[in-house]
Chemist: 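Let me give you the structure first, and then I'll get to my questions.
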2 protein chains.
Amino acid sequence: MTKREEFKQASLNLIHKKGFKATTIRDLAEMMDCDVANVYNYIDSKQGLLESHLFEINSEFHTQVDQIISSSYSPIDKIKKLVSVYVEITITRPLEASLLVNEWRSLKEPKLTEFIKARESFERKVKKIIIEGINDGTLRQMDPALATYSILSSVRWLFNKYAGKKVKVNRIEVEKQIIEFVLQGIES
Amino acid sequence: MTKREEFKQASLNLIHKKGFKATTIRDLAEMMDCDVANVYNYIDSKQGLLESHLFEINSEFHTQVDQIISSSYSPIDKIKKLVSVYVEITITRPLEASLLVNEWRSLKEPKLTEFIKARESFERKVKKIIIEGINDGTLRQMDPALATYSILSSVRWLFNKYAGKKVKVNRIEVEKQIIEFVLQGIES
DNA sequence: TTATTGTATCAACATTTGTTGATGTAAATT
DNA sequence: AATTTACATCAACAAATGTTGATACAATAA
């Protein structure tokens with residue numbers, strides 16, 4: 001692993017642990033056991049570091065999501081697939097998933113607006129699936145916006161449990177449980 | 001309203017908007033249209049400001065939750081009541097609810113540990129309700145930990161929609177929809 | 001061989017930021 | 001009347017922080 005990649009990974013760890021704002025260039029230098037100025041061999045600026053982490057994982061996520069959206073799956077199956085993608089990313093790349101949820105607020109304009117727009121666009125797509133499902137009767141009659149947020153928040157919490165912890169998880173089982181929760185709730 | 005209360009409210013707004021770390025004493029001064037040093041007539045320190053906001057709303061929340069837990073309601077009804085409390089606090093005090101979700105990370109030791117312990121204790125209590133429900137058959141057979149987090153995240157997202165926005169919401173209707181989602185999911 | 005690339009060192013900077021001390025004034029409380 | 005309380009002003013400091021410039025050395029690519 002090149003030193004640059006090493007730095008990238010280390011920065012992910014540190015930012016996840018301390019939060020982006022609280023992570024200083026000097027912290028990063030110490031973690032790499034190098035001089036402060038040396039950090040700038042790997043990054044252009046502190047902001048740039050956050051941006052690269054964030055937009056990298058974000059674009060991968062959206063690529064996958066868009067493939068699901070434009071597929072011919074039924075609304076319910078699209079939602080299942082969506083949960084699946086979320087779980088996969090959260091479990092295989094927990095630190096970046098955590099960044100995506102926690103640190104986007106630290107972006108500055110114009111990147112901040114760009115990020116928010118992408119997320120809103122994503123939420124609209126999900127809402128559209130929900131509305132389709134309600135219309136064809138496979139989903140309950142409900143407020144689409146509220147359903148959208150409820151579903152998304154249900155999958156977003158995941159990183160809390162798996163980011164930074166050495167828990168060995170059965171991805172398929174986690175997927176199944178979340179899908180059951182979202183689709184059928186908790187009542188027997 | 002005394003100037004101290006004015007400041008308290010203004011600081012809530014600003015911290016919600018910019019995040020605690022990004023909110024400077026000078027920002028607070030500007031918002032109050034007063035001198036920088038003057039801010040210290042209202043607070044002991046920046047950290048103290050966060051702590052007071054956080055632990056105030058937190059203790060109120062936990063007080064209400066504990067009353068529910070130790071009541072004689074059935075597990076399902078306890079969960080309904082829990083959602084009810086969450087919705088109430090989120091809608092009546094959205095800014096503080098948002099702090100509770102977003103800014104506790106900025107606490108410093110020993111307050112940080114204190115906060116985390118309180119939250120973990122709360123989550124254990126919820127999990128206990130779930131287990132009771134599973135045991136007496138009113139809840140589906142499921143992973144209690146996962147169910148706990150799914151439920152809690154479903155209610156925590158709320159502030160996203162209502163904090164800072166001037167949306168007039170029907171509290172009862174929101175409650176109903178969330179309870180339906182948590183209990184029955186979205187499938188028809 | 002020469003040029004480039006990746007990495008390292010040291011010193012220094014301009015800002016930002018939390019905080020304090022000394023002091024003053026007007027209103028409320030005693 | 002005397003004293004406490006709430007609020008205001010100004011200047012200043014010490015620490016933290018992002019960033020840069022100049023320089024150097026070794027390995028790799030041309």
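Numbers restart at 1 for each chain; the letters A, B, ... are given by sequence-line order, proteins then strands. Predicted, not measured: the structure shown is a model, and the values here were computed from it.
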Chemist: Taking atom C1' of dC7(D) as reference, at what distance in whole Å does atom CE of M32(B) sit?
Modeler: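 To the nearest whole Å, that distance equals 10 Å.
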Chemist: On the side chain of R4(A), is there an atom forming a donor-acceptor pair with the base of dG6(C) - under 3.5 Å, no angle test?
Modeler: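 Absent.
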Chemist: Please report, rounded to the nearest Å, how far the C1' atom of dC10(D) is from the CG atom of N38(B).
Modeler: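 The answer, rounded to whole Å, is 12 Å.
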Chemist: Establish, with yes or no, whether the OP1 or OP2 oxygen of dA8(D) is under 4.0 angstrom from a side-chain nitrogen or oxygen of K3(B).
Modeler: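 For K3(B), the contact criterion (side-chain N or O under 4.0 Å from OP1 or OP2 of dA8(D)) is met.
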Chemist: What is the distance, rounded to the nearest whole Å, between atom NZ of K21(A) and atom C1' of dG18(C)?
Modeler: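 The answer, rounded to whole Å, is 17 Å.
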Chemist: Given dC10(D), dA12(D), dT7(C), which nucleotide is nearest the side-chain atoms of D35(B)?
Modeler: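 For the D35(B) side chain, the nearest candidate turns out to be dC10(D).
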Chemist: Please tell me which of the listed nucleotides, dG18(D), dA8(C), dG21(D), lies nearest to the side chain of T24(A)?
Modeler: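 Looking only at heavy atoms from C-beta outward on T24(A), the closest nucleotide is dG18(D).
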Chemist: Give a yes or no on whether D44(A) atom CG has more than 12 heavy-atom contacts from other residues, nucleotides or ligands under 6.0 Å away.
Modeler: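 Result for CG/D44(A): open.
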Chemist: Just checking, any donor-acceptor pair under 3.5 angstrom between side chains of S98(A) and N102(A)?
Modeler: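 The answer is yes; a qualifying pair exists.
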Chemist: Under 4.0 Å between a side-chain N/O of K46(B) and OP1 or OP2 of dG18(C), yes or no?
Modeler: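 For K46(B), the contact criterion (side-chain N or O under 4.0 Å from OP1 or OP2 of dG18(C)) is met.
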Chemist: Which one, dT7(C), dG18(D), dC7(D), comes nearest to the side chain of R26(A)?
Modeler: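 Comparing dT7(C), dG18(D), dC7(D) against the side chain of R26(A), the answer is dG18(D).
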Chemist: Using whole Å, report how far CG of N41(B) lies from P of dA26(C).
Modeler: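 Computing the N41(B):CG to dA26(C):P distance gives 17 Å.
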Chemist: Rounded to whole Å, please give me the gap between CD in Q47(B) and C1' in dA15(D).
Modeler: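 Going from CD in Q47(B) over to C1' in dA15(D) covers 16 Å.
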Chemist: Could you pull out all residues at least two apart from Y86(A) that satisfy ring-ring contact (aromatic ring centres under 6.0 Å, His included)?
Modeler: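 Only F61(A) meet the ring-ring contact (aromatic ring centres under 6.0 Å, His included) criterion with Y86(A).
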Chemist: Going from CD on E173(A) to CG on L146(B), what distance comes out if it is rounded to the nearest 0.5 angstrom?
Modeler: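 Rounded to the nearest 0.5 Å, the CD-CG separation comes out at 8.5 Å.
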Chemist: How many whole angstroms separate atom OH of Y40(B) from atom C1' of dC13(D)?
Modeler: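 That distance rounds to 13 Å.
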Chemist: Rounded to whole Å, how long is the line connecting atom CZ of F20(A) with atom C1' of dG18(D)?
Modeler: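 Value for this atom pair: 11 Å.
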Chemist: Select one nucleotide: of dC7(D), dT19(D), dT7(C), the one nearest the side-chain heavy atoms of V36(A).
Modeler: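 Within the option list, the nearest is dT19(D).
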Chemist: Identify which nucleotide among dT19(D), dA8(C), dT19(C) has an atom closest to any side-chain atom of Y42(A), counting heavy atoms from C-beta outward.
Modeler: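 Comparing dT19(D), dA8(C), dT19(C) against the side chain of Y42(A), the answer is dA8(C).
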Chemist: What is the distance from CD1 of I15(B) to P of dG18(C), rounded to the nearest Å?
Modeler: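 After rounding, the reported distance stands at 11 Å.
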Chemist: If the test is salt bridge (Lys or Arg N to Asp or Glu O under 4.0 Å), which one of K78(A), K81(A), K125(A) qualifies with D66(A)?
Modeler: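 That would be K125(A); it is the only one of K78(A), K81(A), K125(A) passing the salt bridge (Lys or Arg N to Asp or Glu O under 4.0 Å) with D66(A).
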Chemist: Where the side chain of S45(B) is concerned, which of dT19(D), dT19(C), dA8(D) is the nearest nucleotide?
Modeler: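 Of the options given, the side chain of S45(B) lies nearest dT19(C).
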Chemist: Of D44(A) and A22(A), whose nearest nucleotide on DNA chain D comes first from the 5' end?
Modeler: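 It is A22(A) whose nearest nucleotide is closer to the 5' end.
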Chemist: Can you tell which of dG18(D), dC7(D), dA11(D) lies closest to the side chain of A37(B)?
Modeler: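 The nucleotide sitting nearest to the side chain is dA11(D).
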